[in-house]
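Reviewing the structure listed below.
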Number of protein chains: 4
Amino acid sequence: MGKSSDGKYDIILHAAIDVISEKGLDKTSISDIVKKAGVAQGTFYLYFSSKNALIPAIADNLLTITFESVKEKIQGKETFWSILEVMIDETFRITKEYKNIIILCYSGLAIDHSMEKWEAIYQPYYDWLENIIKKAIQQNEIISDINLKWTAKTIINLVENASERFYISQVQDDTIEVYKIEVFNFIKRSLITPS
Amino acid sequence: MGKSSDGKYDIILHAAIDVISEKGLDKTSISDIVKKAGVAQGTFYLYFSSKNALIPAIADNLLTITFESVKEKIQGKETFWSILEVMIDETFRITKEYKNIIILCYSGLAIDHSMEKWEAIYQPYYDWLENIIKKAIQQNEIISDINLKWTAKTIINLVENASERFYISQVQDDTIEVYKIEVFNFIKRSLITPS
Amino acid sequence: MGKSSDGKYDIILHAAIDVISEKGLDKTSISDIVKKAGVAQGTFYLYFSSKNALIPAIADNLLTITFESVKEKIQGKETFWSILEVMIDETFRITKEYKNIIILCYSGLAIDHSMEKWEAIYQPYYDWLENIIKKAIQQNEIISDINLKWTAKTIINLVENASERFYISQVQDDTIEVYKIEVFNFIKRSLITPS
Amino acid sequence: MGKSSDGKYDIILHAAIDVISEKGLDKTSISDIVKKAGVAQGTFYLYFSSKNALIPAIADNLLTITFESVKEKIQGKETFWSILEVMIDETFRITKEYKNIIILCYSGLAIDHSMEKWEAIYQPYYDWLENIIKKAIQQNEIISDINLKWTAKTIINLVENASERFYISQVQDDTIEVYKIEVFNFIKRSLITPS
DNA sequence: TATGAATGAGCATTCATTCAT
DNA sequence: GATGAATGAATGCTCATTCAT
């Protein structure tokens, strides 16, 4: 189950992401995946213990993509609010691009009764934002009377959920800009230090 | 597909909820459901067009429970903030009681690629809260410079997600009270009219 | 799992016996059996809980054949020794005819770790012979100082094993008559009342 | 396929015996065996041509154990009857200790359609007993009017089957002593020279 | 000799759905 | 409306075996 080898793990993982994005989790057979990956049926099981074991791996991959791209775009941003703006932009962008994978993660982890894995996977992202918030408090950008951990998780969820409502639940009675601005303002009003 | 008959629809629906709560969606067969319901295999198909047709029905049932119980508990409450308090209390209570069904709705609707049905099902709840908010604005309890629809959805999501994080993702590093208070304050700070 | 219906149980059972006799247990797939039986794949599982569940059923069938044919041929025989003779003749005949099934029962029950089922299946045969022996003792044909149950089982085993050694283990350095006579005499010398 | 090397053959063979005794033949994979033996997957095939090739080797090993231990315990015994007693004791002891292996031999050789291998493996044991019987006849301990080969095989079978009925088929309605005495007496009455 | 990653054929079993009664 | 026996497509997974190193 190692992630090393000569890259077979990644080859299979990405083949899985491709096929599942297209056909959905339950319509995708292991046979489809290995065909796409160009390996034998049995090889799949050298790297993943079961079909279900794919989901956390895919979710992990997705979070990594999100997290990395946020960190990259954050470079040079100084204020908490500009960082929040980046998070919103990137989350919307990635939700649009990977909406099928996001859905598959929801259903996959739910089916597997392992919703708690979400939290484990998101932990590094949570920790990172917690730190950002801590600094923002020190900079007196935001109020200090909040539960750090809870707030970090809630912000991430708020942003993700807003973009999922926009792209996945297909409620587009407003423009994307409205959604982005509303979520930004909602959070800002809640956290900003009264002047 | 009528909801009438002599109640077989409800018998089957609740048998389904019971069994699926226990075993999870994918481990539950139609056979399990009809056995529990005490009807014949074929009878299921007189009331539901397919296994997947169960999920929206269950989700609908769940929303109705939530919505009704919120409306009931709201009686006599005057301020927006006391209504919000009730919503939080009831949402946490129902999330605890029906967490397996909530999970099943996530996975079921995701599998079915019909996440948008969530929105349709939640519509009455959204509409109701939108009205509450509108009145609160008129009463000058909360700020007026917000997108009504978006805010209604976001509040409902925020509350639900907080309780799901608590009960489903099993992140209980704080007490339930902390979670309830944080979510209440987070929303209140964002919406309250500056005095 | 009832043996009734319109005979599907028997149809499948005999199809299974046919195919397995030919190809051996592990080379036979359920698919082969249902094809031969002319029923659908799933129908098999309406009558047998698993592939392994076939074996005891087949063994039972075989014992019934043996037992019935022995009882039939016994008609009119008066002495214990003539009955023993019939048992030997019939056992050799049936061993020859059904040797593949006998082998499959051995391996099937062994694989299944349910060797003890042999005894349960053979019980009626054992009981019947026990009675025969009891009468023979009363008639003073054989000695009385023996353990009835043990002796009944041992005689049946001796005869079966002799014929299996002849037909299955393919040790035919002697004629079948030698085998039959030896086993008859071996038992007779051991049990006959000294004159 | 040599039995020499630096003992890898024996290491693998005994690993196989251990694992199969525990899990049964069909639940045991080559992978289990090599893991236990501490060698690589491919190494197995340097010493055994296939999985099925294990069975005769294991059976052979088992017969050797039985045969050797009988020969050892026989030392100093003079009469045929005391030798028979040893055979019974040792057979019961070994059946108890190795019952899972005995079962595996049954199923393994049956599956393989090579029941006749039993006879080849047992040949030395048969030959040895044949000689014992021959001497007993010369000593006038037992009757002479018997087929030597057939009788040797039958005695061995009788004893083995009695102990298998006791330990494997789990019919323990009597004590082990009853079983041992009955089988001893059954044979003795059949063979002893009338005084 | 020894390795162990890779292979890929093979199959029991499940279960949503139908339909004759 | 109600039944439940029958269907048969569909697939995750195992595992004996190979072979390049």
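To find a chain, count down the sequence lines: A is the first, B the second, and so on, and within it residues start at 1. FYI, side chains are in, hydrogens and waters are out, and symmetry mates aren't considered; it's all heavy atoms of this structure.
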For this session: Decide yes or no, distance alone: a donor-acceptor N/O pair under 3.5 angstrom between the base of dT7(F) and the side-chain of Q41(C).
Result: no
Exercise. NA contact type, T43(B), heavy-atom cut-off 4.0 Å: base, sugar-phosphate, or nothing?
Worked result: base
For this session: Would you kindly give the CD1-to-P distance between I20(C) and dC11(E), to the nearest whole Å?
Result: 13 Å
Problem set entry | Donor-acceptor contact below 3.5 Å, side chain T43(A) vs main chain V39(A) | no
Exercise. Taking atom C1' of dT14(E) as reference, at what distance in whole Å does atom CG of D26(A) sit?
Worked result: 15 Å
Exercise. Taking only Watson-Crick and G-U wobble pairs with both distances under 3.5 Å, what dot-bracket line describes DNA chain E, where [ ] shows pairs that cross earlier ones and | shows pairs with another strand?
Worked result: .||||||||||||||||||||
For this session: Please round to the nearest 0.5 Å and tell me the distance separating atom CD of E164(B) and atom CD1 of I103(B).
Result: 9.0 Å
Exercise. Would you say K51(A)'s side chain and T28(A)'s backbone share a donor-acceptor pair under 3.5 angstrom?
Worked result: yes
Exercise. Hey, what do you get for CD1 (I121(D)) to CG (N61(D)), rounding to the nearest 0.5 Å?
Worked result: 10.5 Å
For this session: Take the protein atom CD1 of I30(A) and the nucleotide atom P of dA10(F), then report the distance between them rounded to whole Å.
Result: 17 Å
For this session: Could you tell me whether the side chain of T66(D) and the main chain of L62(D) form a donor-acceptor pair under 3.5 Å?
Result: yes
Exercise. Over how many whole Å does the gap from I33(C) atom CD1 to dG8(F) atom C1' extend?
Worked result: 16 Å
Exercise. Taking the side chain of L46(D) as its heavy atoms from C-beta onward, which of dA2(E), dG8(E), dT17(E) lies nearest to it?
Worked result: dA2(E)
Problem set entry | N52(A) or T28(D), whichever maps to the more 5' nucleotide of DNA chain F | N52(A)
Problem set entry | Distance in angstrom units between I12(A) CD1 and dG8(E) P, rounded | 14 Å
Seminar exercise, completed: Testing dT17(E), dA12(E), dA2(F) for proximity to the side chain of Y47(B), the answer is dA2(F)
Problem set entry | Residue closer to the 5' end of DNA chain E, G42(B) versus L25(C) (nearest nucleotide) | L25(C)
For this session: Give a yes or no answer on whether the side chain of D32(A) reaches the backbone of S29(A) with a donor-acceptor pair at less than 3.5 Å.
Result: yes
For this session: Please report, rounded to the nearest Å, how far the P atom of dA9(E) is from the NZ atom of K27(C).
Result: 16 Å
Exercise. With sequence neighbours excluded, what pairs up with Y106(C) under the ring pair (Phe, Tyr, Trp, His ring centres under 6.0 Å) test?
Worked result: W118(C), Y106(D)
Exercise. Counting side-chain heavy atoms from C-beta on, which of dA12(E), dT17(E), dA16(F) comes nearest to K51(C)?
Worked result: dA12(E)
For this session: Taking only the side-chain nitrogens and oxygens of K8(A), find out if one of them lies under 4.0 Å from OP1 or OP2 of dA6(E).
Result: yes
Exercise. Atom CD1 of I12(A) and atom CD1 of I30(A): how far apart are they, to the nearest 0.5 Å?
Worked result: 9.5 Å
For this session: Indicate, with a heavy-atom threshold strictly under 4.0 Å, whether V39(B) touches base, sugar-phosphate, or nothing.
Result: sugar-phosphate
Problem set entry | First encountered from the 5' end of DNA chain E, between S50(B) and G38(A) | G38(A)
Exercise. Tell me: CZ of F44(B) to P of dA16(E), nearest whole Å?
Worked result: 8 Å
For this session: For F48(B) and dA2(F), give me the distance from atom CZ to atom P, rounded to whole Å.
Result: 13 Å
Exercise. Which listed nucleotide (dC15(F), dT3(F), dT17(F)) is nearest to the side chain of Y45(D)?
Worked result: dT17(F)
